[in-house]
Amino acid sequence: MGMLMNTKGQVTVPADIRNRHDWHPGDEFEFVEVDGEVVLRPLPVAETRGQRFVRGLSGRGTADMDKTTDELMEMLRGE
């Protein structure tokens, strides 16, 4: 199966290959030359800034589960 490279240097990876390898938009790859051929390798998924932030907060919060929704809303509103 052949694919054409467009003027931006982009090549479409066929859907059956993307599905087989569970590749999705936004996944990152590297191109490596091996014995004169170019190999496409997925890069490990990096943790996003938001994921690092949430991980850093994990276990720091407390929850007062004895309050009703109305009591919690009163606390938030300063009533």
For residues [X] and [Y], determine if any side-chain heavy atom of one lies less than 4.5 Å from a side-chain heavy atom of the other.
X: Val13; Y: Trp23; result: yes
X: Asp22; Y: His24; result: yes
X: Pro42; Y: His21; result: no
X: Phe29; Y: Leu43; result: no
X: Thr48; Y: Phe53; result: no
X: Gln10; Y: Met5; result: no

Handout entry: Hydrophobic cluster identity match, Ile17 and Phe31, side-chain contacts under 4.5 Å
Key =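 Ile17 clusters together with Phe31.
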Handout entry: Side chain Glu71, main chain Thr68, donor-acceptor under 3.5 Å
Key =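 Indeed, once roles are kept as given, a pair shorter than 3.5 Å links the two residues.
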Exceeds 12 heavy-atom contacts within 6.0 angstrom, atom [atom1] of [X]:
X: Glu37; atom1: CD; result: no
X: Arg49; atom1: CZ; result: no
X: Leu4; atom1: CG; result: no

Handout entry: Steps toward side chain to side chain contact (heavy atoms under 4.5 Å, CB included) verdict (Arg41, Val39)
Key = CA-CA 6 Å; Arg41 288 190 195 156; Val39 177; 4.1 Å; yes
Exercise for the section: Go through the steps to decide whether Thr12 and Arg18 satisfy the test side chain to side chain contact (heavy atoms under 4.5 Å, CB included), and finish with yes or no. Expected result: CA-CA 10 Å; Thr12 300; Arg18 294 192 315 263; 4.1 Å; yes
